[in-house]
J.: 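Take this structure first; my questions come after.
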Amino acid sequence: MEISRPLLVPDWDERLAAVAAEYWSGRGFDVSVTEGPGLTGTRGSGVGTFFPYFFGREGAGFLDIDWRKMGAHLSMTPADPDHVRVEMSVFTFLDFNLRKTQWGPAFLRLEVAELHHVLRGGGTLEAVWKRFTAAERRASAAWMWTKGMAGRRLSEEWDDEIADLEARYLIDRST
């Protein structure tokens, strides 16, 4: 699965690249800053794709997916004077929830929206993540207990909220 978004960041420079690197490091990526300035990074592993579940974390149910365990590659490169392109590809060999449900792509979209909020001077979206994680857990349980008949679709409320965050933080979704 791939996600690609141009972010409106008119003042992109080494300082903002360092802020982005710190953000992605906090999200589990091993990141390095490149010329341009840009970023490259990796997160998770192929093994994490086979076993993407939380184990031993307090409060985690046995059905909770940890999207950060799945093998992923990230790049951020200046696209033009006002935009930085974020590209992320996630290894989905076994076709887990990332492809079978809409919650995995929503997780990635929310990460990129949060990054843009951070780059524009705002903080993290901690309250949004708490609500998203709770909704995702309910959907994951429904998906598992109904053998994939329920819980696959992202709720309209979450789709609208993530789209609003993307629009609010000026992500150009036209490409």
Side-chain angles (χ1 to χ4, degrees), residues 1-8 20 23-24 26-29 41-46 48-55 57 59-76 83-120 122-175:
M1 154 164 218
E2 295 188 18
I3 186 170
S4 179
R5 295 282 192 272
L7 306 181
L8 180 63
Y23 172 79
W24 287 119
R27 300 296 301 169
F29 277 89
T42 57
R43 167 169 76 184
S45 68
T49 302
F50 288 99
F51 302 101
Y53 303 98
F54 285 115
F55 292 108
R57 189 188 86 188
F62 71 95
L63 301 174
D64 293 341
I65 302 290
D66 184 352
W67 303 108
R68 291 179 277 189
K69 285 185 175 181
M70 292 184 168
H73 182 270
L74 164 77
S75 71
M76 287 183 71
H83 292 87
V84 174
R85 178 165 295 282
V86 177
E87 295 183 351
M88 193 181 324
S89 55
V90 180
F91 179 64
T92 56
F93 176 72
L94 289 182
D95 202 30
F96 277 103
N97 286 358
L98 190 58
R99 293 174 94 186
K100 289 186 177 182
T101 76
Q102 296 174 348
W103 290 91
F107 180 94
L108 302 177
R109 287 175 55 205
L110 189 52
E111 281 186 316
V112 174
E114 181 179 43
L115 165 69
H116 203 205
H117 186 242
V118 168
L119 291 175
R120 301 291 287 187
T124 60
L125 303 174
E126 189 173 327
V128 174
W129 279 111
K130 283 182 182 179
R131 290 185 301 106
F132 181 84
T133 301
E136 182 188 28
R137 280 184 178 175
R138 288 189 300 274
S140 183
W143 183 79
M144 181 67 131
W145 293 116
T146 64
K147 297 183 180 178
M149 300 298 288
R152 295 178 64 204
R153 298 189 59 108
L154 185 66
S155 68
E156 189 173 316
E157 293 81 18
W158 273 109
D159 192 36
D160 289 346
E161 183 165 352
I162 293 171
D164 180 55
L165 288 169
E166 290 172 327
R168 187 180 324 158
Y169 303 126
L170 305 174
I171 293 176
D172 178 1
R173 297 184 341 146
S174 64
T175 57

J.: So do the side chains of Met88 and Glu111 get within less than 4.5 Å of each other, counting heavy atoms only?
T.: yes

J.: Rounded to the nearest 0.5 Å, how far does CD of Glu157 lie from CZ of Arg131?
T.: 11.0 Å

J.: The test is side chain to side chain contact (heavy atoms under 4.5 Å, CB included); show your working for Leu119 and Val84 and say whether it passes.
T.: CA-CA 11 Å; Leu119 291 175; Val84 174; over 6 Å; no

J.: With a 4.5 Å limit on heavy-atom distance, are the side chains of Trp158 and Gln102 in contact?
T.: no

J.: Does some side-chain heavy atom of His117 sit less than 4.5 Å from a side-chain heavy atom of Leu165?
T.: no

J.: Is it the case that the side chains of Glu114 and Tyr23 hold a donor-acceptor pair, with the cut-off being a distance below 3.5 Å and no angle test?
T.: yes

J.: I want to check something: taking the side chain as every heavy atom from C-beta on, are Leu108 and Val90 in contact at a cut-off of under 4.5 Å?
T.: yes

J.: Contact between Glu166 and His116 at the side-chain level, heavy atoms closer than 4.5 Å - yes or no?
T.: no

J.: Could you tell me which residues satisfy side-chain hydrogen bond (donor to acceptor under 3.5 Å, both in side chains) with Asp160, sequence neighbours excluded, listed by chain and number?
T.: none

J.: Calculate, to the nearest 0.5 Å, the distance between atoms CD and NE2 belonging to Glu2 and His73 respectively.
T.: 11.0 Å

J.: Got a donor-acceptor contact below 3.5 angstrom from the Arg43 side chain to the Arg27 backbone?
T.: yes

J.: Considering all heavy atoms of both residues, which atom of Arg120 and which atom of Leu8 are nearest to each other, and what is their separation?
T.: NH1-O, 3.4 Å

J.: With the side chain counted from C-beta on, respond yes when Phe132 and Ile162 share a heavy-atom pair under 4.5 Å apart, and no when they do not.
T.: yes

J.: Which distance, rounded to the nearest 0.5 Å, do you find between the CG of Asp164 and the CG of Asp159?
T.: 11.5 Å

J.: Please report the shortest heavy-atom distance between Val86 and Leu74, naming the atom on each side.
T.: CG1-CD1, 4.0 Å

J.: Any heavy-atom pair between the side chains of Met76 and Glu87 that's under 4.5 Å?
T.: no

J.: Measuring only between side-chain heavy atoms, which start at C-beta, is Arg109 closer than 4.5 Å to Ile3?
T.: yes

J.: Could you state the interatomic distance from CD (Glu136) to CG (Leu110), rounded to the nearest 0.5 Å?
T.: 10.0 Å

